[in-house]
Amino acid sequence: MDFISPTEIKRIASKYGFVFKKGLGQNFLSSQSVLEEIAMAAEIENEGVIEIGPGFGVLTNELAKRAKKVVALEIDDRLIPVLADTLGEYDNVKVINQDVLKADIEKLIDDEFNGEKVSVAANLPYYITTPIITALIEGGLPLKNLVVMVQKEVADRITATPGTKNYGAISVLCQYYTEPELVCTVGANLFIPPPKVDSAVVKMVFRNTPAVSVRDEKMFFKTVKAAFSQRRKTLLNCLASNFTHTKAELIELMESVGIEPTRRGETLSLD
């Protein structure tokens with residue numbers, strides 16, 4: 001079914017009396033080439049895939065052509081009858097009216113995919129991008145990869161390298177659990193309605209084991225967040241503001257592992 005053109009998207013919206021909700025980040029992609037890039041990047045040939053926020057089903061349509069099964073989570077109940085129409089020709093698609101952040105994804109994978117590893121593909125709403133990515137990455141779920149459309153600025157942060165202005169806590173989190181790469185950039189003009197900023201597609205392949213070995217992940221990420229809590233301040237001052245150690249104790253700790261206390265968090269690699 002061809003429903004990615006601006007004319008067709010507007011026709012469907014008119015048919016169902018659908019009004020785009022800015023609060024839900026509803027910007028529907030209308031580029032066939034980008035849809036194909038997302039679907040190919042997900043590597044789902046005859047495998048399972050979870051889609052978050054299918055909208056009118058334009059990406060779902062592309063995923064269904066390749067995947068063994070697609071389970072799409074849609075928070076907006078107004079879209080359920082629309083999806084029943086636009087995806088009616090596929091018998092390998094299941095749409096669930098649920099908020100992904102409230103869903104038990106592990107149980108969903110057990111029930112719908114027999115616990116096998118699956119991919120996740122999504123055009124994520126800007127307002128809730130980081131919580132969704134964080135929940136999926138930290139959840140210990142049987143996921144193969146995560147291919148998401150996000151705000152270009154977020155994509156730059158996820159793929160950033162140490163010493164650059166975009167490198168931050170989200171960079172460390174994503175790179176600790178996955179191997180991220182930029183798939184493509186997407187102009188605002190390719191969405192209906194067009195957002196105010198450009199987007200990008202990022203692919204994150206889950207590692208079998210984290211990129212570095214740490215004794216206490218909770219403490220590791222607490223330290224990472226502290227290191228980036230005040231970007232203009234030195235590592236010493238950031239840690240002193242977030243831990244109970246004295247500066248003298250922190251200096252001793254940092255020097256014992258060869259890290260200058262005057263450095264900033266953004267200069268530190270995962271290692």
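For clarity, every value in this text was computed on a predicted model and none was experimentally measured.
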Quick check against the 3.5 Å criterion: does [X] have a side-chain atom that pairs as donor or acceptor with the backbone of [Y]?
{"X": "N114", "Y": "E116", "value": "no"}
{"X": "S119", "Y": "A42", "value": "yes"}
{"X": "T134", "Y": "P131", "value": "no"}
{"X": "D99", "Y": "I75", "value": "no"}
{"X": "N97", "Y": "E74", "value": "yes"}
{"X": "R264", "Y": "T234", "value": "no"}
{"X": "S199", "Y": "M149", "value": "no"}
{"X": "K94", "Y": "E112", "value": "no"}
{"X": "S171", "Y": "R157", "value": "yes"}

Is the closest side-chain heavy-atom distance between [X] and [Y] below 4.5 Å?
{"X": "V197", "Y": "E153", "result": "no"}
{"X": "N123", "Y": "F191", "result": "yes"}
{"X": "I52", "Y": "L136", "result": "yes"}
{"X": "S31", "Y": "V186", "result": "no"}
{"X": "I38", "Y": "V183", "result": "no"}
{"X": "L73", "Y": "L108", "result": "yes"}
{"X": "K218", "Y": "K222", "result": "no"}
{"X": "P180", "Y": "T159", "result": "yes"}

[X] with [Y], same ILVMFWY side-chain cluster at under 4.5 Å:
{"X": "V205", "Y": "V201", "answer": "no"}
{"X": "M254", "Y": "V172", "answer": "no"}
{"X": "L173", "Y": "L268", "answer": "no"}
{"X": "L250", "Y": "L235", "answer": "yes"}
{"X": "M40", "Y": "V148", "answer": "no"}

Looking at [X] and [Y], what are the two nearest heavy atoms and their distance?
{"X": "E62", "Y": "L35", "value": "CG-O, 3.8 Å"}
{"X": "N166", "Y": "A160", "value": "C-CB, 3.6 Å"}
{"X": "V212", "Y": "Y176", "value": "O-CE1, 3.6 Å"}
{"X": "L236", "Y": "K247", "value": "CD1-O, 3.8 Å"}
{"X": "G55", "Y": "L79", "value": "O-CD2, 3.6 Å"}
{"X": "K203", "Y": "V147", "value": "CG-CG2, 3.9 Å"}

To the nearest 0.5 Å, what is the distance between [atom1] ([X]) and [atom2] ([Y])?
{"X": "L253", "Y": "L239", "atom1": "CG", "atom2": "CG", "answer": "9.5 Å"}
{"X": "T185", "Y": "L190", "atom1": "OG1", "atom2": "CG", "answer": "9.5 Å"}
{"X": "I133", "Y": "I170", "atom1": "CD1", "atom2": "CD1", "answer": "6.0 Å"}
{"X": "I109", "Y": "L141", "atom1": "CD1", "atom2": "CG", "answer": "5.5 Å"}
{"X": "N61", "Y": "E89", "atom1": "CG", "atom2": "CD", "answer": "6.0 Å"}
{"X": "T161", "Y": "L270", "atom1": "OG1", "atom2": "CG", "answer": "11.5 Å"}

Count the heavy atoms belonging to other residues, nucleotides or ligands that lie under 6.0 Å from CD of E36, then report whether that count exceeds 12.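 Count over threshold, so yes.
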
Is the CD atom of Q230 crowded by more than 12 outside heavy atoms at less than 6.0 Å?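 Counting other residues, nucleotides and ligands, CD of Q230 exceeds 12 neighbours.
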
Pairs satisfying ring pair (Phe, Tyr, Trp, His ring centres under 6.0 Å), at least one member in residues 143-174, at least two apart: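 Listed by first then second residue: Y167-F228.
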
Tell me which pairs pass ring pair (Phe, Tyr, Trp, His ring centres under 6.0 Å) where either residue lies in residues 246-271, with sequence neighbours left out.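 Ring pair (Phe, Tyr, Trp, His ring centres under 6.0 Å) check on residues 246-271 returns no pairs.
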
Can you list the residues that meet the salt bridge (charged side-chain N to carboxylate O under 4.0 Å, His left out) rule with R231, with sequence neighbours excluded?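 Scan of R231 (salt bridge (charged side-chain N to carboxylate O under 4.0 Å, His left out), adjacent residues dropped) gives E266.
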
My understanding is that only one of E138, M204, R207 makes a side chain to side chain contact (heavy atoms under 4.5 Å, CB included) with Y177; could you say which?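 Between Y177 and the candidates, side chain to side chain contact (heavy atoms under 4.5 Å, CB included) is satisfied uniquely by E138.
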
One pair to check against side chain to side chain contact (heavy atoms under 4.5 Å, CB included): V49 and E51. What are the steps and the verdict? CA-CA 6 Å; V49 60; E51 185 188 5; 5.7 Å; no

Please walk me through it: do R78 and V82 pass side chain to side chain contact (heavy atoms under 4.5 Å, CB included)? CA-CA 8 Å; R78 300 175 304 152; V82 181; over 6 Å; no

Verdict with supporting geometry, T178 and L146, side chain to side chain contact (heavy atoms under 4.5 Å, CB included): CA-CA 9 Å; T178 75; L146 178 58; over 6 Å; no

Before you tell me yes or no, could you show the steps for V118 and K69 under side chain to side chain contact (heavy atoms under 4.5 Å, CB included), namely the whole-Å CA-CA distance, both residues' side-chain angles and the distance that decides it to 0.1 Å? CA-CA 10 Å; V118 298; K69 183 176 184 179; over 6 Å; no

